[in-house]
Every structure is written in structure tokens, then in C-alpha cells.
Amino acid sequence: MSCRRLRLSKKREPIHERGYVYNFHFHLVWVTKYRRSIFETPEQVLKMKTILYDIAKNNEVKIENLEVMSDHVHMLISFKPKYAPTSIVKSFKGTSARLWFTAFPETKQKLWGGHLWSNSYFMSTLGDMSRDTVANYIKNQRTQKAASGRPASKK
């Protein structure tokens, strides 16, 4: 399977599912154990990217951007709100480590204890609106300005 790159569009449209609509994205970063340089060759980088794309497909995660560095991974992802972010991270880290060591067992020697990833990770949410925009929208719900464009209430 070849590695795919998805282009980010400037405006992301909400995703419509049965019962809900969502439009959020997560920036996810995690590092190798002890920040050891593991993904050193183009073949190794491509293999890890392929592994991560396969995990995403199996877990209903859309990878919008992905970069594998020698000692860490950056991802921009989106997934259905029915999934907990921690479950998604656990799937990526756990499954990728198992598949990685199957493909490159010799790299386990570089890692004391045989763990590929550090226990920690960084995750932040992204959306099309800033925090201030949403805060102002909520604050102005009862004003005349906010009521314009809204359908009349049924009584």
C-alpha cells in the first residue's frame, strides 16, 4: 500500500452523520520512548505512515495530515464524536507498536524495556471558529443581532 497525502481545504465542511453533525479536528503528537531516533530511513518512515493509515481506516479516523519524524509523530485527524479521544490514541500507539516490531524487530534493541512509544502524548482540538468567536456567539444569544436570520419560534 502506498502512502497517501490528503490536502487540507481552507474551509472544512461539517460532517453529517445519522443523529449528529460535527466539525472538529485534533492535533495529535507522540514521541518514541526516550526520544530515541527510530524512523531513520525513508523505508521506515513510509512503513510507519502506512501502518498509521491502516489503523485510521480500521477505526473510522480521517488523517488530514501526517508526518513521521525520526523520534515522533504529528497527525491532524478527525473522527466521529462517538469515540473517545483517549481510545483513538490508544489504538494508534498500541497497534502501531505491535505492527512496527513485527516489521522491524531489530529496533526493539534500541529501546530499554522494548516499548516503542512514550506513555505521554499531546492532543489539542481545532475547529473553524476561534474560542473568542464561539464565546461571543453564546454571549449574544438573547440579543436582537443574534435573533436575525433565525426562524420565528413556534408557539
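Along the sequence shown, residues carry numbers from 1. Source: prediction; values computed, not measured.
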Gap between atom [atom2] of [Y] and atom [atom1] of [X] - 0.5 Å precision:
X: Asp71; Y: Ile38; atom1: CG; atom2: CD1; answer: 9.0 Å
X: Ile77; Y: His25; atom1: CD1; atom2: NE2; answer: 11.0 Å
X: Ile63; Y: Met75; atom1: CD1; atom2: CE; answer: 3.5 Å
X: Arg36; Y: Ser70; atom1: CZ; atom2: OG; answer: 12.5 Å
X: Leu28; Y: Met123; atom1: CG; atom2: CE; answer: 4.5 Å

Looking at every non-hydrogen atom in both residues, tell me the closest pair between [X] and [Y] and how far apart they are.
X: Met48; Y: Leu116; answer: CE-CD2, 4.1 Å
X: Asn59; Y: Ile88; answer: O-CD1, 4.3 Å
X: Pro14; Y: Val21; answer: CB-CG1, 3.5 Å
X: Tyr20; Y: Pro81; answer: CE1-CD, 3.5 Å

Same apolar cluster (I L V M F W Y, side chains within < 4.5 Å links), [X]/[Y]:
X: Tyr53; Y: Met69; value: no
X: Val45; Y: Val31; value: no
X: Val29; Y: Val89; value: no

Is the closest side-chain heavy-atom distance between [X] and [Y] below 4.5 Å?
X: Tyr121; Y: Thr86; result: yes
X: Leu66; Y: Leu76; result: no
X: Phe122; Y: His74; result: no

Requested in this report: Would you please test Lys82 and Glu17 for salt bridge (charged side-chain N to carboxylate O under 4.0 Å, His left out) and show each step?
Outcome: CA-CA 11 Å; Lys82 69 180 182 178; Glu17 296 284 338; over 6 Å; no
Query raised in the report: Taking atom NZ of Lys47 as the centre, does the number of heavy atoms from other residues, nucleotides or ligands within less than 6.0 Å exceed 12?
Result: no
Query raised in the report: Do Phe39 and His72 have their ring centres less than 6.0 Å from each other?
Result: no
Requested in this report: Using ring pair (Phe, Tyr, Trp, His ring centres under 6.0 Å) as the criterion, list what pairs up with Phe79, not counting sequence neighbours.
Outcome: Phe26
Report task. For the pair Ile15 and Asn23, evaluate side chain to side chain contact (heavy atoms under 4.5 Å, CB included) and give the outcome as yes or no after the intermediate values. Result -> CA-CA 6 Å; Ile15 299 166; Asn23 187 13; over 6 Å; no
Query - Short side-chain to backbone donor-acceptor contact, Ser78 and Phe24, under 3.5 Å - result: yes
Requested in this report: Could you walk me through whether Leu52 and Val68 pass side chain to side chain contact (heavy atoms under 4.5 Å, CB included), step by step?
Outcome: CA-CA 10 Å; Leu52 294 172; Val68 175; 4.3 Å; yes
Atom pairs and distances, donor-acceptor, side-chain atoms in residues 95-103, under 3.5 Å, two or more places apart:
residue : atom : partner : partner atom : Å
Thr95   : OG1  : Ser91   : O            : 3.0
Ser96   : OG   : Phe92   : O            : 2.5
Ser96   : OG   : Lys93   : O            : 3.2
Ser96   : OG   : Trp117  : NE1          : 2.9
Trp100  : NE1  : Thr107  : OG1          : 2.9
Thr102  : OG1  : Arg98   : O            : 3.0

Can you list, pair by pair, the side-chain donor-acceptor contacts under 3.5 Å of residues 108-115, counting residues two or more places apart and other chains?
residue : atom : partner : partner atom : Å
Lys110  : NZ   : Ser37   : O            : 3.2
Lys110  : NZ   : Glu40   : OE1          : 3.0
Lys110  : NZ   : Glu40   : OE2          : 3.3

